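Chain letters run A, B, ... following the sequence lines, proteins first and then strands; every chain starts at 1. Being a predicted model, the structure only gives us computed values, none of them experimental.
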Amino acid sequence: MIEVSHLFHDYTGKGQYAVSDVSFTISKGEIFGFLGPNGAGKSTVQNIMTGLLRLQKGEVLYDGKSVKTLGPEFFNRIGVSFEHPNVYTKLTGFENLSYYARLFDVPTQDPMKLLDMVGLREDAHKRAGAYSKGMKQRLVFARALINNPSILFLDEPTAGLDPATASRIKDIIRQKQQEGCTVFLTTHNMFVADELCDRVAFLNEGRIVAMDSPRNLKLRYGERSIKVEYREGGKVKSQLLFLEKDSDRALLHDIIDHYDVQTIHSQEATLEHIFISLTGRELV
Amino acid sequence: MMRRFFGLFKQDLTLALRNTLMPVLIFLILVMAVMVRFVLPKEWKPVETYYFVDRTEDGLYEWLLRQSGIGAHQFLSDEGALRSAVGEKGNSIGVLFAGPTTHPEITIMHSERVSAQGLNILKATLNAIVERATEGTQINEGMEQPSNVKFLRPQARPVAPNLTSVPGLLAFEVLVLGFTFVAVFIFQERSEGTIRAYRVSPGGTGAYILSKTLVFIVLGTLYGCGLVLSTMGLSVNYGVLVPLTALGVGLYTLIGISVASFFKDLSEWFLPGVLLLMLNMMPVVSLLFPTFSPRWLTYIPSYPVTFALSEVLFPSGKPLLPLVGVLGGETVAAYVICVFLTERNLMKEGRS
Ligand SMILES: Nc1ncnc2c1ncn2[C@@H]1O[C@H](COP(=O)(O)OP(=O)(O)OP(=O)(O)O)[C@@H](O)[C@H]1O
Ligand SMILES: [Mg+2]
């Protein structure tokens with residue numbers, strides 16, 4: 001279990017907080033999404049959680065132990081993929097993975113297998129400097145998996161990837177979850193968050209403005225409803241039904257069974273709509 | 001633990017060998033070797049002219065020398081004229097006789113380094129002349145040289161002139177490799193961001209530093225020994241040279257990492273870095289021009305490196321152990337400082 005409580009971070013030293021009073025918990029095996037526009041503070045939170053940034057104020061606990069006291073045994077357990085692909089450009093993709101693997105004290109994956117998984121087998125022996133941005137990104141993602149981590153930190157893992165490749169990455173993330181991995185995922189892509197995450201937190205200007213499962217968020221903030229148009233006695237009638245209400249569901253069945261239904265419009269809200277309605281700004 | 005260290009070492013070695021600076025360094029070492037072997041003179045220039053001044057009471061020595069066929073233009077009137085004549089003419093020697101005829105005080109002055117062989121011949125010759133003048137009375141009574149012959153310059157070491165540059169070049173190589181190359185290396189990792197990936201792995205600061213240090217020790221020692229081998233051959237005590245070069249490169253790699261940790265990139269580092277490099281080159285200057293040896297020079301870490309290397313290549317009987325002791329102490333201190341600074345500036349920075 002990961003507990004983050006009252007996290008603040010000030011890069012400037014002048015009391016301008018990039019992250020303010022951020023608290024959340026992630027349970028084991030959960031995919032937790034961090035959603036927010038550019039500059040919201042997502043990467044800052046991830047970097048504090050991985051120990052890259054000094055913890056200034058607040059606390060980050062892993063199974064009760066503070067991130068400040070964590071040593072090699074922690075780093076053996078986590079996998080981190082970065083927002084900006086950071087690989088040795090003078091080394092090949094394969095070398096990048098195999099050298100990184102040797103840093104760990106725990107059993108590691110076969111680099112070739114991982115490269116294959118992210119679609120880089122063909123380019124395994126090319127220098128990473130010659131990779132495209134998307135290829136480097138996949139290499140960084142593969143590197144995060146090398147030590148069979150039980151906690152994965154993924155900063156924008158699908159940004160800039162074509163849809164087919166992105167869906168491949170998403171499949172791998174789901175598969176990791178099935179293997180028991182806890183995932184902290186940062187993105188400003190609604191659909192990725194909606195598809196993958198068990199819970200998401202909306203981050204805006206360094207603060208969490210809403211946090212729940214995508215479904216509950218939609219339930220709470222979005223008007224998830226169905227608008228049915230049907231013919232009754234020569235007239236077209238319209239009815240708005242909330243599917244979470246038992247009475248409305250019964251009514252819907254009744255309408256379908258007894259009337260001539262013309263159209264059914266799902267009014268389901270997207271996370272994006274909710275974010276806009278909560279913050280007044282768009283995600284991208 | 002060992003697996004991690006050697007993995008890291010292999011990676012750093014691969015990166016160093018693939019670095020664009022590598023061909024530059026190989027070229028540099030070749031230039032040095034070619035210069036020493038083929039460009040610099042291998043022999044001291046033979047003495048072309050001797051000048052004499054006889055200030056003894058009866059001018060007996062001048063008369064004797066004239067008798068032995070020395071031209072009139074080689075005799076000067078006083079010490080000042082002698083000095084300026086020797087000073088003007090590159091490879092000349094001036095001899096001044098003064099004092100009583102029976103116990104003349106002989107001063108030899110020379111402007112360039114003259115081979116020891118040449119000086120020995122001169123001494124023997126002067127000895128013979130004095131002997132003749134005093135009718136067989138031996139002044140130096142069995143001693144190898146007349147006790148009253150003074151040299152205005154220390155006796156030149158019997159080293160071929162092209163080889164005198166080797167310790168300086170070697171020290172230069174140690175500095176450039178350790179100090180500069182490691183900085184280039186660190187900035188490469190910083191700009192690629194790979195250091196952040198390292199920071200979320202279990203590899204710690206110690207392994208990070210030591211693996212780089214070992215890479216540069218290996219490269220620097222190979223380079224250094226290559227340079228010495230190609231110029232001085234097997235006449236050198238490699239059993240001492242190898243560990244000493246390794247220690248020097250190690251020390252300068254640690255200093256190089258420490259200094260580089262304060263800067264964001266190579267361009268920020270450049271001016272202060274080059275200035276520091278030049279400061280550390282000062283002991284090499286002192287080695288080439290021994291008259292330049294202010295006291296503060298001895299506090300620069302490259303001082304013991306430079307002079308220990310010189311002592312190994314051209315043993316003069318000075319004790320090596322104190323220099324090596326200072327060097328070892330400095331290396332340990334540099335490691336401790338390096339760990340602290342790397343931890344503070346590279347491993348835990350707020351920005352990136
Ligand atoms: N190294 C830094 N120094 C100073 N300010 C920084 C630094 N890194 C981030 N910030 C500031 O902190 C705020 C949060 O940045 P952060 O990178 O965490 O945002 P983000 O949500 O990850 O954005 P993006 O979607 O663009 O990745 C921004 O206002 C940014 O300008
Ligand atoms: Mg970010």
Would one find more than 12 heavy atoms of other residues, nucleotides or ligands at under 6.0 Å from atom [atom1] of [X]?
X	atom1	result
A/Glu179	CD	yes
B/Met35	CE	yes
B/Tyr238	OH	yes

Under 3.5 Å, is there a donor on one side chain and an acceptor on the other for A/Tyr11 and A/Gln16? no

When you check the side-chain N and O atoms of A/Asn189 and A/Thr187, is any donor under 3.5 Å from an acceptor? no

Classify the angle between the aromatic ring planes of A/Phe34 and A/Phe184 as parallel (below 30°), tilted (30 to 60°) or perpendicular (above 60°). tilted

Over 60° means perpendicular and under 30° means parallel, so classify the ring planes of B/Phe179 and B/Trp269, tilted if in between. tilted

So which of B/Gln188, B/Glu192, B/Glu189 has the biggest tally of heavy-atom pairs under 4.5 Å with chain A? B/Glu192

Worked check of side chain to side chain contact (heavy atoms under 4.5 Å, CB included) between B/Thr180 and B/Val274: CA-CA 9 Å; B/Thr180 316; B/Val274 168; over 6 Å; no

Side chain, backbone, both or neither of [X] within contact of chain B (heavy atoms, under 4.5 Å):
X	answer
A/Glu95	side chain
A/Val87	backbone
A/Arg127	side chain

Within residues 5-23 of chain B, residues adjacent to chain A where the heavy-atom gap is under 4.5 Å: B/Gly7, B/Leu8, B/Lys10, B/Gln11, B/Thr14, B/Leu15, B/Arg18

Within residues 200-229 of chain B, the residues sitting under 4.5 Å from chain A by heavy atom, in sequence order, are B/Val200, B/Ser201, B/Pro202, B/Gly203

How many angstroms lie between [atom1] in [X] and [atom2] in [Y], if you round to the nearest 0.5 Å?
X	Y	atom1	atom2	value
A/Gln137	A/Thr158	CD	OG1	8.0 Å
A/Asp123	A/Met135	CG	CE	3.5 Å
A/Thr165	A/Arg168	OG1	CZ	7.0 Å
A/Ile2	A/Ile151	CD1	CD1	4.5 Å
B/Ser261	B/Ile337	OG	CD1	11.0 Å
A/Thr92	A/Leu139	OG1	CG	9.0 Å

How about residues 20-31 of chain A versus chain B: which residues have heavy atoms under 4.5 Å apart? none

Give the interface residues of residues 99-113 of chain A toward chain B, defined by a heavy-atom separation under 4.5 Å. A/Tyr99, A/Tyr100, A/Ala101, A/Arg102, A/Leu103, A/Phe104, A/Asp105, A/Thr108

How far apart are the closest heavy atoms of [X] and [Y], and which atoms are they?
X	Y	result
B/Cys338	B/Leu254	SG-O, 3.6 Å
B/Gly193	A/Asn86	O-ND2, 2.9 Å
A/Pro37	A/Asn204	CG-OD1, 3.9 Å
A/Gly79	A/Pro149	N-CB, 3.3 Å

Should A/Thr69 and A/Phe74 count as side-chain neighbours, where that means a heavy-atom distance under 4.5 Å? no

Who among A/Val80, A/Leu91, A/Ile78, A/Val140 has the most heavy-atom pairs with chain B under 4.5 Å? A/Leu91

